[in-house]
Amino acid sequence: MAAEDFTPGLNFIRTIIEADIKAGKNGGRVHTRFPPEPNGYLHIGHAKSICLNFGLAAEYRGLCNLRFDDTNPGKEDVEYVDSIMADVGWLGFDWQDRLYYASDYFEQLYEFALHLIRSGKAYVCALTAGQIREFRGTLTEPGQNSPCRERSTAESLDLFQRMRAGEFPDGSYVLRAKIDMASPNLNMRDPVLYRIRRESHHRTGDRWCIYPMYDYTHPISDALEGITHSLCTLEFEDHRPFYDWALDQLPVPCHPQQIEFARLNLSYTVMSKRKLLELVDKAYVRGWDDPRLPTLTGLRRRGYTPEAIRNFAEIVGVAKRESMVDMALLEHCLREDLNKRAKRVMAVLRPLKVVISNYPENQVEELDAENNPEDPGMGTRKLPFSREIYIEQDDFREDPPKKFFRLSPGKEIRLKHAYYIRCVDVIKDTQSGEIKELHCTYDPESRGGWTQDGRKVLGTSHWVSAAQALDVEVRLYDKLLSVANPAGEKEEKDFMEYLNPASLEIVKNCKVEPSLVAAAPGDRFQFLRQGYFCVDLDSTSEMPVFNRAVTLRDSWAKIEKSQQVK
RNA sequence: UGGGGUGUGGCCAAGCGGUAAGGCAUCGGCCUUUGGAGCCGAGAUUCGUAGGUUCGAAUCCUACCGCCCCAGCCA
């Protein structure tokens, strides 16, 4: 199924939006926002949210804002805001002039807090963090009112203003909403709205020593921006009553609707910021852009396209049940995209030299090769062919198993775009017995890869002419984890125990066809019969480096595997 | 054991009272100058379980069971 003819189905969010439009709610407007906290790199899970928010807005001729939820200066940094903007842009979305920061609303947020205090809906509390926890009660028992709860409006007002003025030490006071300490929803038990923290903020510097909490900031930010549908993940479902409460108390321009959906989980990888950070910090991977990570910068380096990721985001759907999507689906989306667009090229990862004994020495001829059978418009290229070539070691078996269609003694195969060759001799190292090279003969009548007599050959191999080949390094990536879902394992171990030791294999001295000299970082190719590869950032003209983004489906591997099982 | 969610084939996911879409994966077959791609076909007598309502239920009602989230001055 091609991306463009995929018809998006209805999901529960689209259903809500369409009902709202039909009812004339918000004047039929759709305005969403993607609100990351700049405290880490974006990953494929965020991509789902980005595609949802920007996608829905585009679909309903609405708008989507990019807003940084930067209310916790201790954890946030410009490094992250820069990477987030780069990633959202790379994915193909445009927030135009609607780049916002919650920190831009600090002054208004403060004014609204004053409003809350004046209307008796908030008070300054002197309880310590530990006391607040104790007074909060438990899941089954109601909490107790803070002794500060009945503090006068004037006193709270004075205290709060002095909190802002920096008269009190960190942690000494807090501003709390006055709701209901007996609520079965703990989020309604007088939640903290503001805390004192002398930390420098990446945007506001030292202008503030009090910072608003997420629960308080988010609904107001949404309302100030005229958001109609505020999409977030399931764990915020319990916070919705407070979201609505806050907006009901304040003179805000509108009351957005919070809608929760299940976050994306992907098999064989990790998605939490904490785990990703641990992998990076402990140097189990090379950085946030390590191609093994599900970060957008990692996927990009690996060779993923924005189109593949967007299609994936659409295809996984959106619902309220927690789920774990198979990594195979993401890989499928990449293959589907690159199959249509990637130029085919020949590369031999583990070379085995083949001497074609009846081919004239010193002769080099140019053969035509199509660049993409899926798209003739991509044209053809010239491929040098000569007496000495390399084929893949895996494409030869001295003692071939059943159904092995490749080269073996006495057998004939086709060299893609070139000639039929037949193996006549196997040259081994006299000491080790290791196969050094193959002697073959070719059929001059088979130029281009077919013969007049129409005889069948076993299989078709890729190859590279030895003299013209380029030496390159290839990095073969595999799953980050060795199990699909660590949490589903019998005994629960730390996810680090499940890291796949073979997630990266570096293969040096690979031989690729000369047309690849001009390949630049980020360029993607299909290495015939092997997979899709992307030129890595580390690549130089002296040593080109290719990352394997995803393998091609390999039916021989399946056959071989099933043979081993028997 | 308080509250909020959620249970449809191996994995996602439509369905919203009229007799189980679609995708991935899997397994067959066709085709093939990539064992790629493509094409065709197969698989839930059944929708967590048990009852009930109805001519008719995955869809409505009741009970039970499973799983997830909440006791940060994180988001």
Side-chain angles (χ1 to χ4, degrees), chain A residues 1 6-7 9-11 15 35-37 39 69-72 74-76 125 127-129 132-134 136-143 170-176 183-189 191-197 211 213-215 217-218 232-241 260 262 264 267 273 315-333 335-336 339-340 344 346 369-370 373-374 403-406 414-418 420 446 448-450 457-462 484 526-531 551-559:
Chain A
M1 174 182 57
F6 178 78
T7 309
L10 214 53
N11 58 46
T15 303
E37 181 188 14
N39 69 343
D69 224 321
D70 54 350
T71 56
N72 188 4
K75 290 184 177 173
E76 298 153 5
C125 183
L127 253 30
T128 64
I132 287 181
R133 192 183 325 119
E134 283 170 30
R136 185 152 34 222
T138 68
L139 294 178
T140 51
E141 296 161 334
D170 287 10
S172 55
Y173 286 107
V174 103
L175 181 71
R176 289 228 252 170
S183 171
N185 180 346
L186 307 218
N187 297 113
M188 299 301 268
R189 317 241 264 226
V192 171
L193 269 24
Y194 269 90
R195 71 282 214 192
I196 305 175
R197 264 198 202 178
Y211 291 97
M213 300 289 289
Y214 163 86
D215 275 341
T217 307
H218 212 84
C232 64
T233 43
L234 254 28
E235 67 271 27
F236 292 104
E237 207 146 18
D238 286 340
H239 298 237
R240 194 171 64 227
E260 310 84 10
L264 172 71
S267 61
K273 278 180 182 171
I315 267 176
V316 294
V318 45
K320 295 197 70 156
R321 82 175 86 149
E322 309 243 11
S323 61
M324 168 86 63
V325 173
D326 196 333
M327 179 65 91
L329 183 59
L330 214 211
E331 296 183 334
H332 161 80
C333 290
R335 288 192 191 102
E336 180 183 64
N339 175 49
K340 293 173 303 192
R344 271 59 169 173
M346 292 203 282
E370 59 189 348
E374 300 291 318
K403 294 185 181 173
F404 186 79
F405 299 163
R406 308 177 185 183
R414 168 170 43 234
L415 293 178
K416 179 77 176 175
H417 303 309
Y420 290 178
S446 63
W450 64 275
V457 287
L458 269 52
T460 302
S461 282
H462 57 277
Q526 184 195 102
F527 284 4
L528 231 55
R529 303 207 298 140
Q530 309 198 83
T551 60
L552 245 31
R553 294 187 65 203
D554 186 351
S555 53
W556 164 241
K558 275 181 198 165
I559 293 169

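Keep in mind it's a predicted model, so treat the numbers as computed, not measured. The chains referred to below are lettered A, B, ... by the order of the sequence lines, with proteins before strands, and numbering in each begins at 1.
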Enquirer: State whether the distance check finds a donor on one side and an acceptor on the other, under 3.5 Å, for side chain A:Asp238 versus base B:G3.
Expert: yes

Enquirer: What is the base-pairing partner of B:C39, counting Watson-Crick and G-U wobble geometry with both distances under 3.5 Å?
Expert: B:G29

Enquirer: Quick one: A:His332 NE2 to B:G10 P, roughly how many Å, whole number?
Expert: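 In whole Å, B:G10 P and A:His332 NE2 are 21 Å from each other.
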
Enquirer: Taking the same atom, C1', in B:C16 and in B:G29, what whole-Å distance lies between them?
Expert: 39 Å

Enquirer: Does the structure show a Watson-Crick or G-U wobble partner for B:U34, both distances under 3.5 Å? Name it, or say none.
Expert: none

Enquirer: Side chain of A:Leu329, heavy atoms from C-beta onward: which of B:U34, B:G23, B:A75 has the nearest atom to it?
Expert: B:G23

Enquirer: Which residue is it: A:Ile132, A:Ile196, A:Leu193? I am looking for the one with a side-chain contact (heavy atoms from CB on, under 4.5 Å) to A:Val174.
Expert: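 Filter result, single survivor: A:Ile132.
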
Enquirer: Counting just side-chain N and O atoms, does A:Thr71 come under 4.0 Å of either OP1 or OP2 of B:A75?
Expert: yes

Enquirer: Is the side chain of A:Asn185 donor-acceptor paired with the backbone N or O of A:Asp238 at a distance under 3.5 Å, no angle test?
Expert: yes

Enquirer: Within the structure shown, what part of the strands sits under 4.0 Å from A:Ile196 by heavy-atom distance: base, sugar-phosphate, or nothing?
Expert: nothing

Enquirer: Base, sugar-phosphate, or nothing: which does A:Tyr173 touch, judged by heavy atoms less than 4.0 Å apart?
Expert: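 Here A:Tyr173 touches no strand at all.
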
Enquirer: Please enumerate all residues that pass side chain to side chain contact (heavy atoms under 4.5 Å, CB included) together with A:Lys75, with sequence neighbours excluded.
Expert: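 Applying side chain to side chain contact (heavy atoms under 4.5 Å, CB included) to A:Lys75 gives A:Glu37, A:Asn39, A:Asn72.
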
Enquirer: Below 3.5 Å is the cut-off: list the nitrogen or oxygen pairs between protein and nucleotides 13-20 of chain B, distance only.
Expert:
from, atom 1, to, atom 2, distance (Å)
B:A14, OP1, A:Val318, O, 3.4

Enquirer: So what does A:Arg344 touch, heavy atoms closer than 4.0 Å: a base, only the sugar-phosphate, or nothing?
Expert: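 Base, at least one base atom sits under 4.0 Å.
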
Enquirer: So, OP1 or OP2 of B:G72: does either fall under 4.0 Å of a side-chain N or O from A:Arg136?
Expert: yes

Enquirer: Does the base of B:G5 carry an N or O that pairs as donor and acceptor with the side chain of A:Glu235 under 3.5 Å?
Expert: no

Enquirer: Rounding to the closest angstrom, what is the interatomic distance between B:C11 and B:U54 at atom C1'?
Expert: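 Between the two C1' atoms, the distance is 35 Å.
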
Enquirer: Could you check whether A:Lys558 gets within reach of a base, just the sugar-phosphate, or nothing at all, counting any heavy atom under 4.0 Å?
Expert: sugar-phosphate

Enquirer: Determine if the base of B:G72 is syn or anti; take syn to mean the glycosidic torsion is within 90° of 0.
Expert: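 Syn, which is what one calls it when the glycosidic angle falls within 90° of 0.
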
Enquirer: Side-chain donor or acceptor of A:Gln530 under 3.5 Å from a matching atom on the base of B:U34?
Expert: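 Such a pair does not exist between side chain and base.
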
Enquirer: Rounded to whole Å, please give me the gap between CG in A:Leu234 and C1' in B:C68.
Expert: 8 Å

Enquirer: Can you tell which of B:C74, B:C12, B:A71 lies closest to the side chain of A:Leu186?
Expert: B:A71

Enquirer: So, using side chain to side chain contact (heavy atoms under 4.5 Å, CB included) as the criterion, who are the partners of A:Thr128 when residues are at least two apart?
Expert: A:Gln131

Enquirer: Parallel, tilted or perpendicular: which describes the rings of A:Trp556 and A:Phe404, with under 30° parallel and over 60° perpendicular?
Expert: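 A:Trp556 and A:Phe404: perpendicular rings.
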
Enquirer: Return the nearest nucleotide to the side chain of A:Arg553; candidates are B:A75, B:U1, B:G36.
Expert: B:G36

Enquirer: Quick one: look up who B:A63 pairs with, Watson-Crick or G-U, both distances under 3.5 Å, and put none if it's unpaired.
Expert: B:U49

Enquirer: Just checking A:Gly459: base, sugar-phosphate only, or nothing, at a heavy-atom cut-off of under 4.0 Å?
Expert: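 Contact class for A:Gly459: none.
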
Enquirer: Give one of base, sugar-phosphate or nothing for A:Ala129, where a contact means two heavy atoms less than 4.0 Å apart.
Expert: base

Enquirer: Just how far, in rounded Å, is P of B:G4 from CD of A:Glu237?
Expert: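 That distance rounds to 10 Å.
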
Enquirer: By salt bridge (Lys or Arg N to Asp or Glu O under 4.0 Å), which residues pair with A:Arg414, not counting sequence neighbours?
Expert: none

Enquirer: At 4.0 Å (heavy atoms only), tell me whether A:Ser461 reaches a base, stays on the sugar-phosphate, or touches nothing.
Expert: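 No contact.
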
Enquirer: With sugar-phosphate meaning primed atoms plus P, OP1 and OP2, does A:Leu415 contact a base, only sugar-phosphate, or nothing at under 4.0 Å between heavy atoms?
Expert: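 Here A:Leu415 touches no strand at all.
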
Enquirer: Return the pairing partner of B:A21 with a 3.5 Å limit on both distances, Watson-Crick or G-U wobble; otherwise return none.
Expert: none

Enquirer: Could I get the full list of ring pair (Phe, Tyr, Trp, His ring centres under 6.0 Å) partners for A:Trp450, not counting sequence neighbours?
Expert: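 Result, ring pair (Phe, Tyr, Trp, His ring centres under 6.0 Å) vs A:Trp450: none returned.
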
Enquirer: Any base atoms under 4.0 Å from A:Gln526, or only sugar-phosphate, or nothing? Heavy atoms, all strands.
Expert: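 Contact class for A:Gln526: base.
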
Enquirer: Just checking A:Leu330: base, sugar-phosphate only, or nothing, at a heavy-atom cut-off of under 4.0 Å?
Expert: nothing

Enquirer: Got a sec, which residues hit ring pair (Phe, Tyr, Trp, His ring centres under 6.0 Å) with A:Tyr194, two or more places apart in sequence or on another chain?
Expert: A:Phe160, A:Tyr216

Enquirer: At under 4.0 Å between heavy atoms, what does A:His239 touch on the DNA or RNA strands: base, sugar-phosphate, or nothing?
Expert: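 Here A:His239 touches the bases of the nucleic acid.
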
